[in-house]
Amino acid sequence: MADKQHLYLVDGSAYIFRAYHRLPPLTNPEGTPVGAVYGYTTMLWKLAEDLHTADGPTHLAVVLDKSSKSFRNDIYDQYKANRPEPPEDLRPQFPLIRDATRAFSLPLVEEPDVEADDMIASYARAAAAQGWDVTIVSSDKDLMQLVGPGKDGTGAIDMLDTMKNARIGVPEVEEKFGVAPELVGDVLALMGDSVDNIPGIFGVGPKTASKLIAEHGSLTAALDSAAEMKKSKLKERLIEHRADAELSRVLVTLKEDCPLPIPLEDMKLEGVPPGPLADFLTAHGFTSLLRRLDTGAGSPSRKTDLNPAKQENAGTKPAEAGTGNRQPLPDMPPVDRTAYTCVQTADVLQQWIDRAFAARLVAVDTETSALDAISADLVGVSLALGPNDACYIPLAHGGSDMFAERPEQIALDTTIAMLKPLLESDAVVKVGQNIKYDLNVLARHGIAVSPIEDTMILSFVLDAGRGTDGIGGGHGMDELSVRHLGHAPLAFKDVCGTGKKAIPFGEVPLDRATEYAAEDADVTWRLYKHLKPRLAIEGGTRVYERVDRPLIPVVARMEREGIKVDRAALSRLSEEFAAQIGTLEKQIHELAGEEFTVGSPKQLGDILFDKLGHKGGKKGKSGQYSTDQSVLERLAGDGAEIATKVLEWRQLSKLKSTYTDALQAAINPTTGRVHTSYSLVGAQTGRLSSTDPNLQNIPIRTAIGRQIREAFVPEEGNVLLAADYSQIELRLAAHMADVPALKEAFEAGEDIHARTAKEMYGEVTRDTRAAAKTINFAILYGISRWGLAGRLGIEPDEAQAMITRYFERFPGIQKYIAHTLESVRERGYSETLFGRKTWFPRIESKNQAERQGSERAAINAPIQGTSADIIKRAMARMMPALADAGLQNVRMLLQVHDELVFELPEGDVDAAKPVIERVMAEAALPSVKLSVPLGIEIGTGKSWDAAH
DNA sequence: AAGGTCACG
DNA sequence: GACGTACGTGACCTTG
């Protein structure tokens, strides 16, 4: 017994991911995020403490994943393809995990191109073979294959889940999988794994898989048995997807014969030398552990009989992570603009850069000559490392007056060369307020800023919709600063002025520019410290880490790509439209009997209803007649020619001013392309919005409008490819409200509006289908009898009867609406399938119109928002997926809510289509498994119009 | 700056 | 009995 050896193998990579998600977001004195490191340190501490206890380690090693590729990628290129990037504030912790391991003087196994699981398997088998017991510190189900009792000189292998403090032996594995550990691989091969992207057999989950393997004793036997099974979905699937299962079996097999870089004997645990450990604990401010090390109480370097669970620092217990127990904000001194530094020499800059590396977190802000990131020139950069600890680095000040003396500044290319390693370093988090802007500015100087955090996005994820009138719900820096820090920063117009007297930022004197620019970085740093801890507490981590933040560099790149428009074609259209508008205007004036401004709804209303005496004029609260499309169409239907002409005039004016004229003006003279700007916080539901110009509302519904789409073209030798989610919101409604009839229809690829018509009316005609389509959309938007009546041209009573019938046929919808509203009233917010919140502060308003408006928006938000989450996830995965497929020349250009537009070489179309389709169709996985398929429609052509 | 209108999903 | 009537956007025009 005394000489029984017991090897503990710590699955370090798996541990830190779990620790990251379960522990509060601690930071060390330098501001580095160290929550996962702290969890890891306490775990090693506990393990080391158990040295020589009955079941404790005599040998111990940590195994980490070194790279993401392994032999499995050679067999199956989709292996782990859905894996999201690690969260950005975890990335700088990876090197610290290694530091911690070294501080404990523990052996660290890290082999390139070998997965940690395989390394663990190889060590475990080698140790067991020479009679050692082995404990794998992990809860990874793949590793459960290794568990087994000791016998005939072979050691036992079990597992330890330190977070649940649970041993996993043969009985636990059998309970979980329903089979012995040797057969776990067979079960895994049948059920697949969406996180690692192991296919398994589609439609077979853990239960069916266990049952089949338990019954037949092996994967092959289970698959062979399909031939004799009764006809069923399962039978079909087993036969059809047999190859998937066999591939999966290979993928889940652990490689147990990897060469062992460190001999087993060298893993002997002899106690922990206190020196390096003390240094490490001090550096990261782990004071409670340091105290224990100093006093020797519970120190891992000597045996102890204290109960480790009882000495845990209260603030680190996972159970308390979500209950508001967070690291208190360090008291921040008030903003002091005189404390900022203007950096004018390379020596001083180098000091700031060195300090930023040490801090591992820096707030960054760029100042430019204009608002548009694609063409604006860089004027200066500011950095902040702490409250009032900020600087401004001017780069292009005083350039406009060639006779005046320019202030002392470091040369632009010198500064860029010095900043690049910092801004690109994996070990330093860069925080920005709308950092997409800075990404674009710096990308033009060859800097790919990473990893990043964004206070604007943080605010959006936490507080979308929270503002009400007078309080302000925006996510701009000035507003956030006032709301969260009680401080109004210098406004841009205070330093640059407004209107004609405005000067470019490069002309602002350096002292003033430093106050403004460094303050922005300072405030950003403070906002980050305030907002980031709220994420874990309020449940925003998943949306922020998995949806919105990964999207920032993706959207930035789309903005930089831009899209080509055919200027000559637009110019021709402008001329045509101008001529027709002129003709129409004359005719309208004749019909009116006088000249007036056709574009003035006020004048038009007076002409139509007072002068010409048309009936049915309705004045709104402004005392003005309404002359909108529906009113004019009614008049036109009654035979009023002037109404027809005005409608035509309006259509053409709209197309000319908003599109054919404006788009020509939007062509960037340098790139020759049109670069929109996407707002990631524009829509409360989580959708993007597009401005300057808005490329999300280019005409498509009329033939005349589609001519504008024809002007969006690819470069020579390329095509445009448009990929749409088909009926995504209705599909999501069918899933979320659990409507079997609709789900079946989508599964079978039916025409969903026709199916609705059949359910509602019993027969499908053009009219019933059209009505059904209207109702389907009405449902998504929150319905009222009057609204539906207006749309369908029927009486409110009839509309009510239709609504009632709809709810009878699809009772899930009514339940969904009721539950959604109930939950919003109770919690104040709605939630998407991915956990994105939208707040509805007026859901209980006493004002009925206001309240009902909130209710309709609240019914719609989870559906619209989930759709937005899904396409965002697809976008974040798209470029890596295309690159993996060897498609380097495909460019993603535009997003229009349920559509992505790409530009690619003609020869790449056949290869790109399936990749794009797969990424879009699988975008909800692995977080959310939908009960309806996501349909994708793809078209290509020599214009955006032709691609539809 | 606000209101009306209309382009899109 | 009044409120106003489908969700989410952005751009342009006129008017005050």
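A, B, ... follow the sequence lines: proteins, then strands. Residue 1 opens every chain. Source: prediction; values computed, not measured.
A close approach under 4.0 Å does not occur between any side-chain nitrogen or oxygen of A:Ser784 and OP1 or OP2 of C:dA6. Proximity of A:Arg687 to the phosphate of B:dG9: no side-chain N or O atom is located under 4.0 Å from OP1 or OP2. Residue A:Arg856 places none of its side-chain N or O atoms closer than 4.0 Å to OP1 or OP2 of C:dA6.
Using a 4.0 Å heavy-atom distance criterion, A:Asp692 is classed as a sugar-phosphate-only contact. Residue-level contact check: A:Ala662 touches the backbone only, with heavy atoms under 4.0 Å from sugar-phosphate atoms and none from bases. Contact annotation for A:Ser854: no contact, since no heavy-atom pair falls under 4.0 Å across all strands. In this structure, A:Gln684 reaches the sugar-phosphate backbone alone: every heavy-atom distance under 4.0 Å involves primed, P, OP1 or OP2 atoms, never a base. Looking at heavy-atom distances under 4.0 Å, A:Ile859 makes no contact with the nucleic acid at all. Contact annotation for A:Ser867: no contact, since no heavy-atom pair falls under 4.0 Å across all strands. Within the 4.0 angstrom heavy-atom criterion, only backbone atoms of the sugar-phosphate kind lie near A:Ile698; the bases stay farther away. Using a 4.0 Å heavy-atom cutoff across all strands shown, A:Thr658 reaches sugar-phosphate atoms only and no base atom. If you check every strand for non-hydrogen atoms under 4.0 Å, A:Asn697 touches a base. Within 4.0 Å (heavy atoms only), A:Ser690 reaches sugar-phosphate atoms of the nucleic acid but no base atom. Using a 4.0 Å heavy-atom cutoff across all strands shown, A:Arg785 reaches no nucleic acid atom at all.
For the pair A:Glu822 and A:Lys815, the salt-bridge criterion is not met [side-chain N within less than 4.0 Å of a carboxylate O]. A salt bridge links A:Glu559 to A:Lys436: one of the charged nitrogens lies within less than 4.0 Å of a carboxylate oxygen. Taking a cutoff of 4.0 Å between a charged side-chain nitrogen and a carboxylate oxygen, A:Glu576 and A:Arg572 do not qualify as a salt bridge. Ion pairing between a basic and an acidic side chain is recognised when a charged N comes within 4.0 Å of a carboxylate O; A:Lys611 and A:Glu594 show such pairing. For A:Arg549 and A:Asp454, the salt-bridge test fails: no basic side-chain N is under 4.0 Å from an acidic carboxylate O.
Per the geometry, CG belonging to A:Leu894 stands 16 Å off P belonging to C:dG10, to the nearest Å. Put simply, CG on A:Leu663 is 15 Å from P on B:dA7, counting in whole angstrom units. The separation between A:Met802 atom CE and C:dA6 atom P is 16 Å, rounded to whole Å. Whole-Å rounding puts the A:Ile870 CD1 to B:dG9 P distance at 19 Å. The nearest whole Å value for the distance from the NZ atom in A:Lys602 to the P atom in B:dG3 is 15 Å. Nucleotide C:dT9 holds its P atom 18 Å from the CG atom of A:Leu695, rounded to whole Å. Distance, A:Phe460 CZ to C:dG8 C1': 11 Å, rounded to whole Å. Nucleotide C:dT9 holds its P atom 16 Å from the CG atom of A:Asp898, rounded to whole Å.
Cation-pi geometry between A:Lys656 and A:Phe577 is not met at under 6.0 angstrom from the ring centre and within 45 degrees of the axis.
Proximity note for A:Ser657 (side chain, C-beta onward) versus C:dG8, B:dG9, C:dC13: the nearest is C:dC13. Nearest nucleotide to the side chain of A:Ser600, out of C:dT14, C:dT9, B:dC6: C:dT14. Of the candidate nucleotides C:dG8, C:dT15, B:dT5, C:dG8 has the atom lying nearest to any side-chain atom of A:Ala857. For A:Ser626, the side-chain atoms get nearest to B:dT5 when compared with the rest of B:dT5, C:dT9, C:dA6. Taking every side-chain heavy atom of A:Arg709 into account, B:dC8 is the closest of C:dG10, B:dC8, B:dG4. Nearest nucleotide to the A:Gln848 side chain, out of C:dA2, C:dG8, B:dA7: C:dA2. When the nucleotides B:dC6, C:dT15, C:dC7 are ranked by their closest atom to the side chain of A:Lys654, B:dC6 comes out on top. Set against C:dA11, C:dT5, C:dA6, the side chain of A:Asn694 has C:dA11 as its closest nucleotide. Closest to the A:Ile700 side chain, of the nucleotides B:dG9, C:dT14, C:dG8, is B:dG9. Distance from the side chain of A:Gln624 is smallest to B:dG4 among C:dT5, B:dG4, C:dA11.
Side-chain atoms of A:Gln696 and A:Gln895 form a donor-acceptor pair, as typed in the model, at a separation below 3.5 Å. Checking A:Tyr816 against A:Asp738 by side-chain atom types alone, no donor-acceptor pair falls below 3.5 Å.
B:dC8 and C:dG4: their C1' atoms are spaced 25 Å apart (whole Å). For the P atoms, the distance linking C:dC3 with B:dA7 amounts to 30 Å, nearest Å. Between the P atoms of B:dG3 and C:dT5, the separation comes to 14 Å (whole Å).
Judged by atom type and distance alone, A:Arg701 reaches the base of B:dG9 through a side-chain donor-acceptor pair under 3.5 Å. For a distance-only test at 3.5 Å, the side chain of A:Gln629 fails to qualify as a donor-acceptor partner of the base of B:dC6. Residue-to-nucleotide contacts include a donor-acceptor pair under 3.5 Å from the side chain of A:Gln852 to the base of C:dG4.
Across all strands shown, B:dT5 forms a Watson-Crick or G-U wobble pair with C:dA11, both key distances being under 3.5 Å.
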